[in-house]
Amino acid sequence: MKRFEFKKSLGQNFLHDQNIIHKIVDSADIDKNSLVIEVGPGGGALTELIVPLCGQALLYEADRRLESSLQQLLYQYSNYEIIFGDFLEADLSSDLKRYHYDKLYVVANLPYYITTPIIMKFIDENIFPDQMVIMVQKEVAYRLAAKVGTKDYGSLTVFLNYYYDIQKLFDVSRNCFTPKPNVDSAVIRMNLKEERLKVNNIDLFKSLVRDSFLYKRKTLRNNLKGYNLEIVASVLSKYGFDLSVRAENLSLEIFVEMANELVSQ
Ligand code: SAM
């Protein structure tokens, strides 16, 4: 990998810190019955630890220049497949149909420029990995694991927390990467919830959450002008709030109840 020309446009910051690499893979519950998806194996830092542990590994890499080094690194294994191309364009459902597995995991050091689209691709395609252990930009980690009432709590927090229990595991200094990025990172673990709250119309729930946070400093009265505010107010009053509340103070449960009441109006 010594003379490799890193592409900034592909978010190529490869991990070199062995302690962190092991810590990430150890944080996932990989076993021989699992299929592990890694988006962006790069030079294979995580991959070479994942492949021996899992049943099958499905690797998506945008950069074909990495093909021979990945193949050399993994030459003794046959339980992996590399798909070259843009993960966001992949036909995930049909790729997954080729595999039999008990659990589906995602373990990855994600390219920062498309972290959210990558996570949302799974959700939007109705593919719910049992667990995701992913390295993301530190701010994103704080946002996803934020508690209600804090400044980091946003629409993505609420929406993803509907499906997943999200925990920030540890911070990773920029010095652990080659080349060194301009931002610090953190690793989060997302465990699929065994029981979800019942949402009657997921699209409405999604737009309600997104619109509630549209202008962060504004109240629900302002952000939800297009909705039936009487219904919104009646749900809020059950929890001791009124329309002057800001979205950051509302729990997942309140959003779910508002969405369900709005759908049955
Ligand atoms: N996993 C390696 C590591 O930890 O050292 C590399 C991680 S690096 C932050 C991100 C990787 O994602 C790079 O290998 C990059 O080429 C790849 N990548 C970037 N955009 C991608 C995309 N749209 N689809 C698939 N892989 C992508």
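Residues: numbered from 1 along the sequence shown. Atoms within each ligand, like the ligands themselves, are counted from 1 in listed order.
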How close do [X] and [Y] get, counting heavy atoms only, and between which atoms?
X    : Y    : result
N109 : L46  : N-CD1, 3.7 Å
Q12  : D63  : NE2-OD2, 2.9 Å
L144 : N161 : O-ND2, 3.2 Å

Do any nitrogen or oxygen atoms of ligand 1 lie under 3.5 Å from a protein nitrogen or oxygen, and which ones?
from     : atom 1 : to   : atom 2 : distance (Å)
ligand 1 : 1 (N)  : E38  : OE2    : 3.4
ligand 1 : 1 (N)  : G40  : O      : 2.8
ligand 1 : 1 (N)  : P41  : O      : 3.3
ligand 1 : 4 (O)  : N109 : ND2    : 2.8
ligand 1 : 5 (O)  : L15  : N      : 2.8
ligand 1 : 14 (O) : G42  : N      : 3.4
ligand 1 : 14 (O) : E61  : OE1    : 2.8
ligand 1 : 14 (O) : E61  : OE2    : 3.4
ligand 1 : 16 (O) : Q12  : NE2    : 2.9
ligand 1 : 16 (O) : E61  : OE2    : 2.6
ligand 1 : 20 (N) : Y113 : OH     : 2.8
ligand 1 : 23 (N) : D86  : OD1    : 2.8
ligand 1 : 24 (N) : F87  : N      : 2.9
ligand 1 : 26 (N) : A62  : N      : 3.2

| request: Classify the ring geometry between F87 and F122 as parallel (under 30°), tilted (30 to 60°) or perpendicular (over 60°). | output: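 The rings of F87 and F122 sit tilted, inter-plane angle from 30° to 60°.
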| request: Answer yes or no: is there an ion pair linking D184 with R174, defined by an N-O contact shorter than 4.0 Å? | output: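 Between R174 and D184 there is a salt bridge, with a charged N closer than 4.0 Å to a carboxylate O.
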| task | Taking the six-membered ring for Trp and the full ring for Phe, Tyr or His, determine whether the centres of F177 and F14 are under 6.0 Å apart. | result |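 Centroid distance F177-F14: not below 6.0 Å, so no.
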